[in-house]
Amino acid sequence: MIVSGQHSRFLELRALASIQHMRFSTRNRIEGTRSGRHISRQLGGGGEFADYREYSPGEDLRRLDWRVMSRTGRAYIKVFQDETNLVCMPVIDISGSMQFAGQTVVNETKEGRSGSKLEYAQFFVTALSHIICFGRDQVGLGLVSDKLTDFFPPASTTDHLTRLHEAIEKIRPSGSTRLADSLEQLFQRVGRRGVLLLVSDFLADDLDAVFSKLRLFRHRGWDVVALHLVHPQEERLPTGTAFRFEGLESEGSVNCSPAEIRDLYETNFAAHLALVRKLGLSAGCDYRLVSTAVPYLHTLNRFLVDRTG
Amino acid sequence: MGFLYPAMLGIAGAAIALPLLIHVLTRPRPVRFPLSTIRFVREAVAQKKSRHRLRDVLILFLRMVAIGLLGWAFARPLFQDRPWQDSDTAANVRRVVLLDTSQSMAANLSGVGRFELARARATRFLKPRSGLMANLVLVGAQPRAVFDRLSSSFPVLNEALDKSLANAERANIQPAINEAARLLSADAPPDAVLELVVISDFQRTNWATADFSALPAATRIQLESVAEAETPDNLAVESVRFQGRLTRGTESIVEVVVENFSRTARNVRCEVTFGNNAVTVTGSCPPLVRTTLTHPVNVSDEGWIQGVAKLLEHSDALPGDDACPFVGRVQSVSTFGIVTREPPSRIPSASWFIERAIAPYTGAEASRQPRIERMNPSRMSAQSVGECQLLVLVKPGKLEPDQINLLASLLRRGRAILYVTSELVDANNFRQLVDVLGQELQPPVELLPNQREAVRNGFAISDVQSGLRPFSVFGDSLAVLLASVRISGGLVTRRVPNSLDDDLLATLSDRSTLLFVNSVGAGNLGVLNADLSDSNLPRQQAFVPLMAELTDLLLPENDSQATAFCGEPLTRLLPPEASGLSGLSVSHRSTDSVLSGGDVKNSDAGQLRESGDGVLWQWTEARVPGIATIANGEQAVFSLALKSPPEESDLRSLDENVLTERLAGGRETSFRQSSRPMSSRDDSWIWFAASCVVALIGEIVALRFFRM
């Protein structure tokens with residue numbers, strides 16, 4: 001695949017060289033727009049032989065196995081598995097909470113915070129979309145916060161990919177997390193079955209609603225992957241005497257000493273992680289907890305390996 | 001309560017605010033930290049909020065308490081060490097100082113006497129200053145104020161204070177408080193601060209009934225105790241007496257009553273000296289008990305004897321009560337008079353039975369028995385009956401008023417009378433005697449003229465006070481002895497309402513009284529209501545011992561009138577031997593003088609004056625223990641031992657709380673115990689410092705607890 005010289009700052013081609021031969025696949029049968037490498041939900045005649053079936057009047061005589069008929073005198077139709085391309089719809093949570101970058105990385109630029117969860121998601125989705133298009137599959141993009149702020153239908157062209165990368169690069173975190181509404185809007189926009197990759201920190205008030213919306217996608221036949229991003233400093237409060245913790249989604253501030261609430265905070269956060277995992281699995285999602293401390297390429301590599309099976 | 005460094009309290013007060021100030025000033029400036037998971041922080045803070053608030057309040061409180069206690073410790077509190085009078089700066093102060101001068105204040109322990117301590121303490125309250133008017137009242141048996149009203153003549157007050165001494169007398173508290181109330185109430189300006197300062201050992205026996213409510217309501221009372229923290233040991237010779245009557249040449253028993261106010265038993269030796277005799281009595285005295293030590297003595301001298309009982313080889317807190325003076329009267333042979341109309345030749349007769357019962361012996365043994373003088377009532381005069389210790393009236397007939405008055409006078413002056421009543425005139429005589437004696441004679445029964453004389457015959461003795469003299473001498477055989485007794489004659493009697501049952505000794509079967517005894521003045525009156533010539537009582541074997549016991553019961557004790565307490569007003573009617581003022585002199589010897597055998601006499605021992613009943617001796621204030629003697633020429637006609645009150649020997653003090661709460665009558669009262677050692681008074685700062693450390697440890701524990 002040929003890419004333009006002015007590529008996104010999140011696209012590290014040199015780093016991706018080692019894994020771009022890998023293919024993003026799914027174990028489920030999918031619906032594509034054209035022939036591809038992925039098993040289609042359709043059985044057709046242009047694919048891999050799958051089975052014999054007795055001929056019924058009206059069927060296409062071109063699929064009749066004449067040799068079997070000559071030997072047995074009975075008419076059988078050869079059935080072939082159709083193969084189609086994969087449609088992937090990455091959805092990035094661009095709410096305020098995603099810009100959390102911890103205490104150590106405070107290099108704040110106009111593009112965003114270095115080391116934030118959002119930046120991690122940007123690298124990840126940029127690389128994944130590159131790999132998907134490299135495998136001649138279609139990739140779209142959804143950006144959600146308190147609503148569906150941007151939507152790119154799936155496509156596999158270079159221009160489309162460039163537009164996606166530009167859109168990812170220009171993401172500015174805003175608003176609060178209202179994933180349920182955003183996913184509902186997205187559900188109304190997408191048509192064919194594919195893979196929905198939701199990259200979020202799931203710091204939302206209405207987790208049940210979020211996963212009920214994801215359940216809609218599952219009912220439509222989508223393969224849903226929930227990528228739960230967690231920053232290491234979210235798991236453990238910083239050390240120090242007194243902090244004024246300020247919410248990233250207009251949640252006000254709290255003055256306290258982390259030492260006094262550390263244990264309780266960690267317990268609550270662990271309970272939150274467990275809840276998201278439980279809801280995700282119960283909704284039939286492929287739930288993955290990802291720490292931003294792990295390099296995104298490593299995460300992507302493992303993700304692709306697991307998906308390839 | 002005062003403070004050695006009161007300024008430290010102010011510093012401590014300011015320092016209490018220090019934790020708050022430090023908390024505000026050193027409050028950490030929070031680091032701004034954008035956090036995506038602030039909801040979990042908020043949840044955790046909300047869950048721990050109440051716990052943290054409790055912790056913060058507790059820690060702050062403990063820190064403030066610790067600092068406050070530390071400041072208090074540095075201020076060195078002195079509990080009850082400084083009376084409020086020292087710091088009083090009121091413009092008008094009216095102050096009365098009551099100084100206890102009783103015998104117990106002479107107690108001396110480890111070289112420091114209570115009274116010296118009290119005098120030094122009183123000096124502090126009698127320092128002259130502007131606006132202060134004071135008075136000093138010496139508290140003894142009678143209160144003695146230096147001035148009749150409050151004064152600013154402090155030199156005179158201090159001079160009187162310097163001259164004051166502890167006397168051998170009790171502290172009569174209530175009159176002193178009443179005197180202080182009078183002084184404070186008189187001429188006090190409305191804005192004046194009224195103060196009463198009491199310096200005493202607050203002896204339990206004196207102060208238990210004190211009542212400060214007589215003082216003006218606004219009076220502030222300062223109680224200054226000079227008593228020791230622990231009651232000192234003390235032994236006292238309370239009294240000396242002889243058993244029975246002292247008769248020359250006969251053996252008697254001297255009884256020395258010793259009271260041990262110590263906490264342990266003590267072996268005592270007591271030397272009893274009188275006349276040319278000296279005996280030593282020994283014995284063991286249990287703690288807090290009165291013990292009677294006895295020793296047989298034989299006196300050969302006749303007349304009044306004077307002596308002293310003194311503890312030997314002994315030292316205690318109060319030496320003043322280690323010696324006790326005593327007197328006694330030794331008689332040669334008693335003389336009994338029988339006043340009757342019956343001729344001595346009539347045998348048998350009632351008077352003859354009486355005479356034979358009183359003097360039953362003949363021959364050589366007759367010298368041991370009383371001498372009997374029979375006399376006709378018409379010859380009865382003061383001279384004729386003057387030597388008779390006992391007068392028996394048997395059928396005397398009608399007595400003249402002069403004779404009735406003579407009998408009354410004899411009774412008042414210590415003579416004994418036995419009236420055998422059997423005739424109608426006896427009822428009249430007795431009624432006249434009762435009228436003359438008035439309240440002094442309160443007989444249990446009234447003798448009524450017998451209207452049915454012939455009917456009174458053959459009555460048995462129904463009720464007898466078997467446990468009392470004269471019947472107690474018969475013991476268990478009394479019922480047998482009296483069973484066959486039949487009484488005839490006598491008068492009908494009627495009980496006087498509210499009379500004493502104990503005076504009624506025997507009752508007949510018709511509920512009339514057979515025998516009763518009454519004390520009158522210094523003498524005793526007995527009434528035997530029977531006609532002895534018609535009764536079979538004289539023929540019973542119990543009659544002679546019964547009459548002996550009865551006459552002995554009626555005769556006054558030899559020293560019952562011969563003891564008085566120092567400090568108390570003294571009034572005595574002299575015995576009939578002192579028939580007139582001419583030739584009589586009164587003198588007084590102190591106990592030490594009696595002990596040393598010296599001849600130091602103090603003629604200032606009261607006054608003698610004539611009264612209707614005889615010679616009266618009056619002494620308003622006997623201060624020094626010893627023996628007072630009234631002599632007719634060289635012949636002592638009366639002696640009296642002056643002792644310190646026995647209650648002064650009990651050195652136990654009243655509890656502080658009783659004084660300040662129960663007896664204070666709602667007045668503002670403060671109490672100071674001067675005997676508390678300085679170390680214990682100043683030790684309180686250590687406790688405050690220790691409490692401060694405890695508060696700090698409590699803070700650490702609280703921090704650790706809330707960190708869990």
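Chain letters run A, B, ... following the sequence lines, proteins first, then strands; residues in each count from 1. Note that the structure is predicted; figures quoted are calculated from it, not measured.
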Legend entry - Residues in residues 253-261 of chain A that sit under 4.5 Å from chain B, counting heavy atoms only: S253(A), V254(A), N255(A), C256(A), E260(A), I261(A)
Inset, instruction - Report, as yes or no, whether the 6.0 Å neighbourhood of atom CZ on F187(A) holds more than 12 heavy atoms from other residues, nucleotides or ligands. - result: yes
Legend entry - Within-4.5 Å side-chain heavy-atom neighbours: V41(B) and L237(A): yes
Legend entry - Check: R244(A) and F33(B) side chains under 4.5 Å, non-hydrogen atoms: no
Inset, instruction - Might you confirm whether atom CZ of R277(A) has over 12 heavy atoms from other residues, nucleotides or ligands at distances under 6.0 Å? - result: no
Inset, instruction - Below 4.5 Å from any heavy atom of chain B, which atoms of D263(A) appear? Answer side chain, backbone, both or neither. - result: neither
Inset, instruction - Kindly give the heavy-atom pair with the smallest separation between E43(B) and N268(A), and that separation in Å. - result: OE1-ND2, 3.7 Å
Legend entry - Minimum heavy-atom distance between S97(A) and S36(B), given as atom pair plus value: O-CB, 3.5 Å
Legend entry - Closest approach of E246(A) to R32(B) (non-hydrogen atoms, all atoms of both residues): OE1-NE, 2.6 Å
Inset, instruction - Drop me the distance from E234(A)'s CD to I38(B)'s CD1, to the nearest 0.5 angstrom. - result: 12.5 Å
Legend entry - Heavy atoms from other residues, nucleotides or ligands near CZ of R39(B) exceed 12 (cutoff 6.0 Å): yes
Legend entry - Pairwise side-chain contact, L203(A) with T37(B), heavy-atom cut-off 4.5 Å (strictly under): yes
Legend entry - Distance in Å, Q47(B) CD paired with L264(A) CG, rounded so as to fall on 0.5 Å steps: 4.5 Å
